[in-house]
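Inspection log for the structure reproduced underneath, given as structure tokens.
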Amino acid sequence: MKWQFEMKKRTLLLELLQMSLIKRDKLSCVPSVEEWNGMYEVARLHGVAGFLFGGIERLPKEQQPQRKLLMMWFGLAEHYRRVYVKQRQAVKSLNELWSAQGLRIVELKGDAIGRLYPKPELRYSCDYDCLLSDYEEGNRIVERQGVKVNREFYKSSSFVWDGLHVENHQFCTPIRGNRAMKRFEKVLRQLLAKDKMTDFNALFLMEHMWAHFFEEALTLKQMTDWLVFYKEYKDAVDWSLFEAVAKDCGFWRFSITIIKIADNILSGSSDMSGLTAIEERLWLGIMQGGGEIGMNNGWNTRFQLVANYFRNGWKYKYYAPHGPIGSLVRTVIGFAFDRNPKL
């Protein structure tokens, strides 16, 4: 019975996602109080509760959650709206500071994709990721404003600006000790130089999901970011380029699975029976989510990442160019001999 409840809850959650994304008319059935409570908790933990509230607003009255939960969900969505306004004000002032000094700013991840959402203010965000034309000058400009900048992580610096956690990226990808990722980073820089933002975002988003897939777990929020982007730009992406780069860097098979899932969701179907056993395992993993790893927490982060090498053997078998041992060895060698990597 518990298994049946979990499967039904996931199906209803997927249908609610479609209500928010592709204007599905209604759910396949009226959820029970217990099912609604379960969906709310999953949505909250995955960071998509605000976005899914847009779908709830479109539900027929008889399918909407009980008043107490509806008000709780509404309150969380309103909280996201207030946070969004404050965050965008902080981003605006920071970008103006950098722009006044002649720096080019590229907003990354959700900050680039968030504006594609039907209601951007309902997309939960806890930080601001960016890439500047001069990484270190960007850090110095912020420091001259009396802000402490943390440079402990080679990939990006971090600081708090007007209450907003900011990550200023030196690199888009984890290039340390990884020649494939260094090639990938160069491709991304070339796309930026040519102002090919659609191809840049397609490759960057997919590789970022792939990295999270091994490091911790994918969430519905990350999948939703891809769905929103893919729905808008599917026909504009240079898929020949995408395939060539993804194959070179090892995430093409992963990409095929994510795109297959996305096509299924955007078609309006809540039936994932067309997936292979491994693809279904990946999809169920997205629905379940996982614990987040604090990437700037020094040795604690390293211990968690090492543990994940051995917990995720099936992921490496089907979706990585190297097994867990090979990947761990490469990481150790990179840390020892390429601690401060250069392109």
Side-chain angles (χ1 to χ4, degrees), residues 2-22 24 26-59 63-88 109-111 113-114 116-129 163-165 208-209 212-213 215-228 261 265 270 282-295 304:
K2 183 178 179 181
W3 178 82
Q4 291 177 330
F5 169 74
E6 288 298 322
M7 290 301 294
K8 185 178 179 183
K9 183 178 70 176
R10 289 170 190 153
T11 299
L12 288 169
L13 193 63
L14 171 56
E15 291 175 356
L16 187 58
L17 175 64
Q18 291 170 328
M19 289 285 299
S20 307
L21 189 62
I22 59 172
R24 183 188 179 104
K26 60 181 180 179
L27 303 178
S28 58
C29 65
V30 178
S32 67
V33 172
E34 186 180 11
E35 286 163 350
W36 267 122
N37 288 334
M39 284 193 287
Y40 172 78
E41 190 61 20
V42 171
R44 186 184 64 81
L45 291 173
H46 281 254
V48 294
F51 175 61
L52 295 186
F53 186 75
I56 290 175
E57 290 180 310
R58 297 187 57 255
L59 282 174
Q63 288 195 334
Q64 291 184 355
Q66 65 275 24
R67 181 174 176 79
K68 180 179 179 181
L69 181 60
L70 185 61
M71 294 307 297
M72 188 184 303
W73 213 316
F74 172 78
L76 186 58
E78 287 302 301
H79 170 68
Y80 287 166
R81 292 181 200 271
R82 291 191 296 270
V83 170
Y84 174 84
V85 171
K86 185 175 181 180
Q87 287 180 340
R88 294 317 299 178
K109 303 180 188 176
D111 298 288
I113 305 306
L116 299 177
Y117 275 64
K119 295 181 179 179
E121 67 275 13
L122 292 182
R123 181 191 178 276
Y124 171 73
S125 177
C126 59
D127 58 11
Y128 172 51
D129 291 86
L164 176 66
H165 179 81
H208 183 67
M209 292 174 69
H212 270 271
F213 177 62
E215 290 172 356
E216 37 193 332
L218 287 178
T219 65
L220 274 175
K221 179 184 171 186
Q222 291 161 329
M223 187 67 200
T224 302
D225 279 350
W226 174 260
L227 286 166
V228 170
I261 292 171
I265 294 172
S270 56
L282 187 152
W283 168 242
L284 290 177
I286 293 174
M287 296 295 282
Q288 291 167 353
E292 293 189 357
I293 295 175
M295 295 308 293
Q304 292 181 68

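All of these numbers come straight from a predicted model, not from anything done at the bench.
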Test L17 against F51 for side chain to side chain contact (heavy atoms under 4.5 Å, CB included), laying out the working first. CA-CA 8 Å; L17 175 64; F51 175 61; 3.5 Å; yes

Decide side chain to side chain contact (heavy atoms under 4.5 Å, CB included) for L52 and L13; before the verdict, give the C-alpha distance in whole Å, the side-chain angles of both, and the deciding distance to 0.1 Å. CA-CA 9 Å; L52 295 186; L13 193 63; 3.7 Å; yes

Please test E35 against V30 for side chain to side chain contact (heavy atoms under 4.5 Å, CB included), starting from the C-alpha separation and ending with a verdict. CA-CA 9 Å; E35 286 163 350; V30 178; over 6 Å; no

Pair L218, M223 - check side chain to side chain contact (heavy atoms under 4.5 Å, CB included), show working. CA-CA 7 Å; L218 287 178; M223 187 67 200; over 6 Å; no

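Taking the side chain as every heavy atom from C-beta outward, F53 and L76 never approach each other to under 4.5 Å. The shortest distance between side-chain heavy atoms of M287 and V42 does not fall below 4.5 Å. A 4.5 Å side-chain heavy-atom check between Y117 and T224 finds at least one atom pair inside the cut-off. Side chains of C29 and L12 form a contact here, defined as non-hydrogen atoms less than 4.5 Å apart. Under the 4.5 Å side-chain criterion, counting only non-hydrogen atoms from C-beta, L14 is in contact with W283. Looking at Y84 and R88, their side chains come closer than 4.5 Å, going by heavy atoms from C-beta outward. Contact annotation: the side chain of I265 approaches that of Q18 to within less than 4.5 Å [non-hydrogen atoms, C-beta and beyond]. Put simply, the side chain of W36 reaches to within 4.5 Å of the side chain of L16, judged on heavy atoms.
Going from atom CD of Q288 over to atom CG of L45 covers 12.5 Å, rounded to the nearest 0.5 Å. Atom CH2 of W226 sits about 13.0 Å away from atom NE2 of H208, to the nearest 0.5 Å. Between the CD atom in Q63 and the CZ atom in R58 there is a gap of 11.5 Å [rounded to 0.5 Å]. Residue E121 holds its CD atom at 12.5 Å from CD of Q87, rounded to the nearest 0.5 Å. Atom CE in M39 sits 10.5 Å away from atom OG1 in T11 (nearest 0.5 Å).
Panel note: side chain Q222, backbone T219; a donor-acceptor pair is recorded below 3.5 Å. No donor-acceptor distance shorter than 3.5 angstrom exists from the side chain of Q64 to the backbone of L70, with no hydrogens or angles considered.
By the 4.0 Å N-to-carboxylate-O rule, K109 lies too far from D127 to be salt-bridged with it.
Using cut-offs of 30° and 60° for the angle between ring planes, the Y80 and Y124 rings count as tilted.
No option in R24, K8, K9, R10 other than R24 meets the salt bridge (Lys or Arg N to Asp or Glu O under 4.0 Å) test with E15.
Scanning all heavy atoms of the two residues, the minimum distance from H46 to L220 falls at ND1-N, 2.9 Å. Scanning both residues, G55 and S20, for their nearest heavy atoms gives N-OG, 3.1 Å. Residue L122 comes nearest to A77 through the heavy atom pair CD2-O, 3.7 Å, listed as atom of the first residue, atom of the second, then distance.
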